[in-house]
Amino acid sequence: MDAAVPRRVAPMAMPLTVRSDWRQALPVLTGSMVTLRELRPSDAPSLLAMLSSAEVARFISPPPTTIEGFERFIVWTQRERAAGNYACFAVVADGMDTAIGIFQVRQLEPGFGTAEWGFAIGSAFWGTGVFMDAAKLVVDFAFGAIGTHRLEARAAILNGRGNGALRKLGATQEGILRKSFLRNGEYLDQALWTILDEDWKSQRVVWGAQIN
Ligand SMILES: CC(C)(COP(=O)(O)OP(=O)(O)OC[C@H]1O[C@@H](n2cnc3c(N)ncnc32)[C@H](O)[C@@H]1OP(=O)(O)O)[C@@H](O)C(=O)NCCC(=O)NCCS
């Protein structure tokens, strides 16, 4: 600890590993199939096309229904990022210029020690490997750049692809949150999936060995 900082001034819940640079602007993260970057206003039309279809929106909070709505959402994501509460990455497939999906991470406690993430990708890209490629980048970012130690995700039990994707990624299902998500006037049960930073690091070693 810096001797110049009196011990009693350091906030107990604030991890010292949190870095502030992502709050200025999100980094560009490069995978083998996708690039992740900050959302831009010009992503609004493609996000509307990709995320407002019935199959994508079925088990997530209702996305905006107009280009203007997505433009307002994009402005909001940048404001929340600057405030250090939240990060939202655009998923850009190789050979494309606009977003085909988003990955969001928000803090569940001050300092981001526990965070929640969520994701949605246009259905034309389901089953292509884009999810896994992007998800690994985002989880690395949460545990590395942000300093999260516990990453939570909630998936409606009926959401086969959402649960399957989290299981495949190595997340642990901790329990069922009964009637925790209101969608189309009906309360749905959700599974709570978590990844801890230490589990992720050991799993990453295995993946690294497989890839190399
Ligand atoms: C969630 C999402 C990003 C995952 O991307 P994806 O490309 O569909 O995911 P993947 O195909 O890589 O992985 C899904 C896995 O679930 C499996 N799966 C599909 N339907 C399933 C079902 N009904 N039950 C169990 N597993 C199922 C798939 O077979 C696949 O596993 P595999 O690769 O071992 O075969 C994408 O489906 C999406 O955007 N869905 C709409 C938004 C959403 O629901 N977001 C998640 C909120 S938690």
Side-chain angles (χ1 to χ4, degrees), residues 29 31-37 39 43-65 69-70 73 77 86-96 98-108 114-142 148 150-184 186-195 200 203-204 206-207 210-211:
L29 308 176
S32 57
M33 302 179 70
V34 297
T35 299
L36 304 186
R37 59 158 171 76
L39 284 169
D43 290 319
S46 65
L47 286 180
L48 178 65
M50 292 284 166
L51 304 187
S52 59
S53 68
E55 68 269 27
V56 173
R58 187 167 170 209
F59 296 119
I60 58 177
S61 300
T65 53
F70 267 102
F73 168 71
T77 65
Y86 166 94
C88 183
F89 284 98
V91 181
V92 182
D94 285 358
M96 297 183 72
T98 50
I100 60 159
I102 57 171
F103 277 69
Q104 308 180 80
V105 187
R106 72 180 176 105
Q107 64 178 2
L108 291 180
T114 304
E116 180 181 15
W117 68 318
F119 31 77
I121 294 172
S123 55
F125 294 86
W126 291 2
T128 62
V130 157
F131 167 77
M132 281 295 274
D133 193 33
K136 288 175 187 174
L137 294 171
V138 174
V139 178
D140 279 346
F141 175 78
T148 295
R150 173 184 161 92
L151 191 58
E152 300 185 356
R154 288 158 177 72
I157 297 295
L158 295 174
N159 185 353
R161 296 205 81 90
N163 288 288
L166 286 158
R167 182 177 293 109
K168 190 168 61 165
L169 195 62
T172 298
Q173 189 181 311
E174 291 192 351
I176 305 299
L177 307 171
R178 296 183 301 157
K179 298 201 172 187
S180 54
F181 181 48
L182 183 61
R183 191 73 180 101
N184 294 327
E186 185 190 2
Y187 279 106
L188 302 179
D189 292 350
Q190 292 176 298
L192 174 65
W193 293 91
T194 60
I195 307 174
W200 184 249
Q203 187 171 305
R204 258 331 218 151
V206 175
W207 278 337
Q210 285 172 344
I211 290 163

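Below, each value reflects all heavy atoms present in this structure, side chains not excepted, and no hydrogens, waters or symmetry copies. Counting starts at 1 for both ligands and their atoms, in listed order. All of these numbers come straight from a predicted model, not from anything done at the bench.
Within the 4.0 angstrom cut-off, atom 29 (O) of ligand 1 has no protein heavy-atom neighbours. In this structure, atom 33 (O) of ligand 1 has a protein heavy-atom contact shorter than 4.0 Å.
Closest protein heavy atom to atom 5 (O) of ligand 1: F131 CB, 3.4 Å. For atom 11 (O) of ligand 1, the nearest non-hydrogen atom of the protein is R161 NH2, 2.8 Å. The protein heavy-atom contact nearest to atom 17 (C) of ligand 1 is G164 CA, 4.2 Å. Of the protein's heavy atoms, V56 O, 3.5 Å lies nearest to atom 42 (C) of ligand 1. At the top of the distance list for atom 39 (O) of ligand 1, counting protein heavy atoms only, stands I121 N, 2.8 Å. In this structure, the protein non-hydrogen atom closest to atom 43 (C) of ligand 1 is I60 CG2, 3.6 Å. Counting only heavy atoms of the protein, atom 7 (O) of ligand 1 lies nearest to G127 N, 2.9 Å. If you check which protein heavy atom lies closest to atom 40 (N) of ligand 1, you get W126 CZ2, 3.4 Å.
At a heavy-atom cutoff of 4.0 Å, ligand 1 is contacted by no atom of N163, backbone or side chain.
When atom types are taken as modelled, the side chain of D43 and the backbone of A99 share a donor-acceptor pair closer than 3.5 angstrom. Here the side chain of D133 pairs a donor or acceptor atom with the backbone of V34 at under 3.5 angstrom. Remark: the backbone N or O of I121 is paired with a side-chain donor or acceptor of W126 at under 3.5 angstrom. Checked by atom type and distance alone, the side chain of R183 pairs as donor or acceptor with a backbone atom of I60 at under 3.5 Å.
Under the 30°/60° scheme for interplanar angles, the aromatic rings of F131 and F103 are found to lie parallel.
The two residues I102 and C88 make their nearest non-hydrogen contact at CB-SG, 4.0 Å. Residues S123 and E55 share a closest heavy-atom pair of OG-OE2, 2.7 Å. Listed here is the closest heavy atom pair of L48 and P64: CD1-O, 3.9 Å. Closest approach of A191 and N163 over heavy atoms only: CB-OD1, 3.6 Å. Across S46 and T98, no two heavy atoms sit closer than the pair OG-CB, 3.3 Å.
Checking each of Q104, E116, Q107 against Y86 for a side-chain hydrogen bond (donor to acceptor under 3.5 Å, both in side chains) leaves exactly one that passes, namely Q104.
Heavy atoms of G118 stay at 4.0 angstrom or farther from ligand 1. Distances from ligand 1 to the non-hydrogen atoms of M132 include no value under 4.0 Å. Proximity of R58 to ligand 1 is not established, as no heavy-atom distance is less than 4.0 Å.
Considering P63, A155, G160 only, the shortest heavy-atom separation from atom 25 (C) of ligand 1 involves G160. Considering only non-hydrogen atoms, atom 2 (C) of ligand 1 lies nearest to F119 out of F103, F59, F119.
Remark: E174 engages R150 in a salt bridge, criterion side-chain N to carboxylate O under 4.0 Å.
The distance criterion of under 3.5 Å between nitrogen or oxygen atoms is met by K168 with respect to ligand 1.
Atoms of ligand 1 found under 4.0 Å from any heavy atom of N159 (numbered from 1 in listed order, with element): 43 (C), 44 (O), 46 (C), 47 (C). Close contacts between ligand 1 and R154 involve ligand atoms 48 (S) [criterion: under 4.0 Å to a heavy atom].
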